[in-house]
Amino acid sequence: MGIKKTYEEINEKIKKGKAVILTAEDVTKMALEKSPAEIARSVDVITTATFGPMCSSGIFINFGHPDPPVRMEKIMLNQVPAYAGIAAVDAYMGATAESVTDIKYGGAHVIEALIKGEKVELQAWGKGTDCYPGKEDIRYIDKGSVNEIFMFNPRNAYQNYSVAVNRSDSVKYTYMGVLLPRLGNAMYSTSGELSPLLNDPDLRTIGIGTRIFLGGTQGYVTWNGTQFNPEVGKNQHGIPINNAATIAVIGDLKKMSSAYIKAAYFEKYGVSLFVGIGIPIPLLDEEIAARVSVSNRQIETTIFDYGSSGKPQLGITNYEDLQSGSIHLNGKKIRTAPLSSIKIAREIARVLKGQISSGEFLISKPVQQLIK
Amino acid sequence: MYTRRYVLTFPPDKVNEPLTFHLIKDYNMEINILKADINAGKEGKLLLEFRTGKTDMEKGLKYLKDKGIEVTPVSKQISLRYEDCVHCGACTAVCFTDALTMEKPSWELNFKPEKCIVCGLCLKACPLNLFKMEFYN
């Protein structure tokens, strides 16, 4: 008879301070000695995390009405254009939007400044209407002076990601970092066995409504992320071996910490945003226990040549090799480097574990599965 | 034997003197030129690796300074705002002298400026723009 636990039972244990919580790395170590059945029996929740550049991120912001009111049709924050085509004083600032004066500064920097509580210059213009007679609103705002700021990221926490190399004869500057010519290096993202969606490859527990750690506060999964692709081929361990599922997430920027949200600029590519996400996975049964025990060796991913048009596929590798510092491709040893911070991902997994242990963070059953 | 890396900055009127010849001949130095930026009539910079005995190293460096050459240890050429580093590892992809490596198992960035050859690639690789370099500019 396999073990079965419900979300309610696990939350009762959390509230009583009796739940056993491990990080995804810890449970992988435990699995060297224990069977999935034993793990499912002895562990209640594992915490997963990632901290990497996620371009498809941004914030909704409502500035509050100035006097006289302005129907804000064009908006800039610290010289970075925001999307103003929603209502009078609502806007969306995407992380990758670039300043009109400095291409190394963008929406991500505005987002980080707002989290830190810094003042940001708002410039807004409207044509003037009977109900919004004002034509201009220029002032400094901060997170305390505006109505709402919530982060809404259309595509985060990719379930696996390509390894980028460059076979051409020139340096390629990409969102995967600086790719040196003639297979000079290989860049990888995702935190491997610690990465959220790789620990729940069939998305049994991560779905719409799942409560998550987002940028230092509690947020939620709202939908499947854009470019969500459940059709990617899986290996014998059930792991999709290329970019697969994604999640759209939401959370209150006013409660976030700049330790877990950082602006970035990639040379000759542009601005992006490091986003810290942690997701708890309840061990409801043996099958989930087996999934969360996945190790870096079992997580394979695909190598692509970002230096050639069409990004041809060159081979398959795994995270144990990637994290060792070098991989072999076509008989050549290639230096590897990560793009996402394992150190900060581990910190998030530990912080989330602490929040669940203390009862301030309860697990939640998805309202609906992420099936496209 | 000692191995040290220095950046030599010399004024325009010294550019035409055969300094490296004297370092090799008079102070028994093995010299590896790692980077050079020399233009006639302008200030020049050389990044050199010296290998020689302790006494010759001291005498050779004194010879350069007496000639009006500014001698800076290479570790002073590069700086990193380490307190702001998120330890993503992107800079380690381009550092072939291993001045920048990921420490295992902590996955913290390990920064050894004395191994740097001032190539400048980390300036472009760091997504947080945390490196600064004298020679590079």
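In what follows, chains are A, B, ... by sequence order, proteins preceding strands, each numbered from 1.
In this structure, no portion of A/Ala186 lies under 4.5 Å from any heavy atom of chain B. Of the two parts of A/Tyr260, neither the backbone nor the side chain holds a non-hydrogen atom closer than 4.5 Å to a non-hydrogen atom of chain B. A/Ser258 does not touch chain B: none of its heavy atoms, backbone or side chain, sits under 4.5 Å away. Both the backbone and the side chain of A/Leu339 have a heavy atom closer than 4.5 Å to some heavy atom of chain B.
Your options are B/Asn129, B/Leu109, B/Asp84, B/Val86, and the one with the most heavy-atom pairs under 4.5 Å with chain A is B/Val86. The choice from A/Leu180, A/Val178, A/Ile342 that makes the most heavy-atom pairs within less than 4.5 Å of chain B is A/Ile342.
Residue B/Tyr2 places its OH atom among 12 or fewer non-hydrogen atoms of other residues, nucleotides or ligands, all under 6.0 Å distant. Counting heavy-atom neighbours within 6.0 Å of A/Lys332 NZ, excluding the residue itself, gives a total above 12. For B/Lys104, the NZ atom is densely surrounded, since the number of other residues' heavy atoms within 6.0 Å is greater than 12.
For residues 89-101 of chain B, a heavy-atom distance under 4.5 Å to chain A picks out B/Gly89, B/Ala90, B/Thr92, B/Ala93, B/Val94, B/Cys95, B/Phe96, B/Asp98, given by residue number. Along residues 266-273 of chain A, the residues that come nearer than 4.5 angstrom to chain B, judged on non-hydrogen atoms, are A/Phe266, A/Glu267 in order of number. Inspection of non-hydrogen atoms places no residue of residues 296-305 of chain A under 4.5 Å from chain B. Residues of residues 19-29 of chain B lying within less than 4.5 angstrom of chain A, judged on heavy atoms, are absent.
To the nearest 0.5 Å, the span separating SG on B/Cys85 from NZ on A/Lys343 amounts to 9.0 Å. Atom NE2 in B/His87 sits 9.5 Å away from atom CD in A/Glu347 (nearest 0.5 Å).
Of the candidates A/Ser341, A/Pro338, A/Ser191, B/Trp107 forms a side chain to side chain contact (heavy atoms under 4.5 Å, CB included) with just one, namely A/Pro338.
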